[in-house]
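Here the structure comes first, spelled out in structure tokens, and everything after it is commentary.
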Amino acid sequence: MSLKERLLNDLKEAMKDKDEIRKDTIQLIRAAVLRIEKDKHITLDDEGVSDVLVKELKSARDALVEIEKSGREDLIQKANRQIEIIQQYLPEQLSEEQLEAIVKEAIQETGALSVKDMGKIMKVVMPKIKGRSDGNLVNTVVKKLLS
């Protein structure tokens with residue numbers, strides 16, 4: 001079953017269960033996928049849908065940071081639930097140890113010596129971890145290992 005089919009089935013199930021947060025989150029994802037398909041006149045495969053999911057996850061995390069500043073527990077819980085829902089459709093996230101191993105391998109491969117070489121490392125690491133880790137976490141790990 002493709003990711004798009006899974007999203008559609010889960011949307012129907014969320015509607016039956018009257019799970020508003022899940023329904024709204026899946027509709028948001030599907031709308032983003034449809035927008036890209038219409039704008040670019042293409043049909044996204046699972047990899048393309050995963051890219052959309054990664055962008056939506058990043059947006060949700062950014063929104064959570066802003067919501068936390070407001071101190072409203074109801075909105076914070078809703079944002080956390082949306083993040084959990086989006087993550088269900090992404091591949092299993094890498095642990096920090098797994099990520100460190102990939103970054104160490106990239107450092108050896110590129111011969112990076114300092115934080116100035118971060119771009120080289122990111123260029124090697126990002127395609128390997130696509131959708132399985134947050135770019136900010138990768139950035140933090142690279143800085144930690146190079147300093």
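This structure is a prediction, so every number in the text was calculated from the model and none was measured.
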- Item | Lys58/Asp62 ion pair, N-O < 4.0 Å | yes
- Item | From Ile85 atom CD1 to Asn80 atom CG, the distance as rounded to the nearest 0.5 Å | 11.0 Å
- Task: Take Asp10 and Gln88 through the side chain to side chain contact (heavy atoms under 4.5 Å, CB included) test and state the conclusion after the steps.
- Result: CA-CA 11 Å; Asp10 289 353; Gln88 291 173 359; 5.8 Å; no
- Do you reckon Leu90 sits in the same ILVMFWY cluster as Leu28, going by side-chain contacts under 4.5 Å, direct or chained? no
- Shortest non-hydrogen separation from Ile102 to Val125 and the atoms involved: CG2-CG1, 4.2 Å
- Give the intermediate values and the outcome of side chain to side chain contact (heavy atoms under 4.5 Å, CB included) for residues Leu3 and Val33. CA-CA 11 Å; Leu3 262 176; Val33 169; over 6 Å; no
- Between the CD atom in Glu96 and the OG atom in Ser133, the distance rounded to the nearest 0.5 Å is 9.0 Å
- Query: Would you say Leu53 and Leu64 are hydrophobically clustered, going by side-chain heavy atoms of ILVMFWY under 4.5 Å?
  - Reply: yes
- Applying side chain to side chain contact (heavy atoms under 4.5 Å, CB included), run through Leu94 and Leu137 and close with a yes or a no. CA-CA 10 Å; Leu94 294 171; Leu137 180 59; over 6 Å; no
- Message: According to salt bridge (charged side-chain N to carboxylate O under 4.0 Å, His left out), does anything in residues 102-119 pair up with another residue at least two apart or in another chain? List the pairs.
- Response: Glu105-Lys128, Glu109-Lys128, Asp117-Lys120
- Transitively linked via ILVMFWY side-chain contacts under 4.5 Å: Val124 with Met122? no
- Task: Please answer whether the main-chain N or O of Ser2 pairs with a side-chain N or O of Asp46 as donor and acceptor at a distance below 3.5 Å.
- Result: no
- Note on the structure: Separation between CZ (Arg22) and CG (Asp24), nearest 0.5 Å, reads 12.0 Å
- Task: Enter the distance from Ser50:OG to Asp45:CG here, rounded to the nearest 0.5 Å.
- Result: 8.5 Å
- 4.5 Å side-chain heavy-atom contact, Asn139 and Met118: yes
- Message: Any salt bridge linking Lys144 with Glu100? Criterion: basic side-chain nitrogen under 4.0 Å from a carboxylate oxygen.
- Response: yes
- Task: Supply the atom-to-atom distance Glu84 CD to Gln82 CD, rounded to the nearest 0.5 angstrom.
- Result: 10.5 Å
- Task: Using the side chain to side chain contact (heavy atoms under 4.5 Å, CB included) rule, take Arg6 and Val49 through it: C-alpha gap first, then chi angles, then the decisive distance, then the call.
- Result: CA-CA 11 Å; Arg6 186 171 158 210; Val49 175; over 6 Å; no
- Do Leu145 and Ile121 have side chains that get closer than 4.5 Å, going by heavy atoms? no
- Message: With salt bridge (charged side-chain N to carboxylate O under 4.0 Å, His left out) as the rule and sequence neighbours excluded, what pairs involving residues 30-39 come up?
- Response: Lys4-Glu37
- Item | Nearest non-hydrogen partners of Lys23 and Ala14, listed with the distance | N-CB, 3.8 Å
- Query: If only atom types and distance count, is the side chain of Glu20 paired as donor or acceptor with the main-chain N or O of Lys18 below 3.5 Å?
  - Reply: no
- Query: Ile67, Ile86: one ILVMFWY side-chain cluster at the under-4.5 Å cut-off?
  - Reply: yes
- Task: Indicate if Val54 and Val65 have the same hydrophobic cluster label, given that clusters are the connected sets of ILVMFWY residues with side-chain heavy-atom separations under 4.5 angstrom.
- Result: no
- d(Ile29 CD1, Glu56 CD) to nearest 0.5 Å is 6.5 Å
- Which heavy atom of Pro91 sits nearest a heavy atom of Arg132, and at what distance? CB-CG, 3.8 Å
- Task: Side-chain contact test, heavy atoms from C-beta onward, threshold under 4.5 Å: evaluate it for Met1 versus Asn9 and give yes or no.
- Result: yes
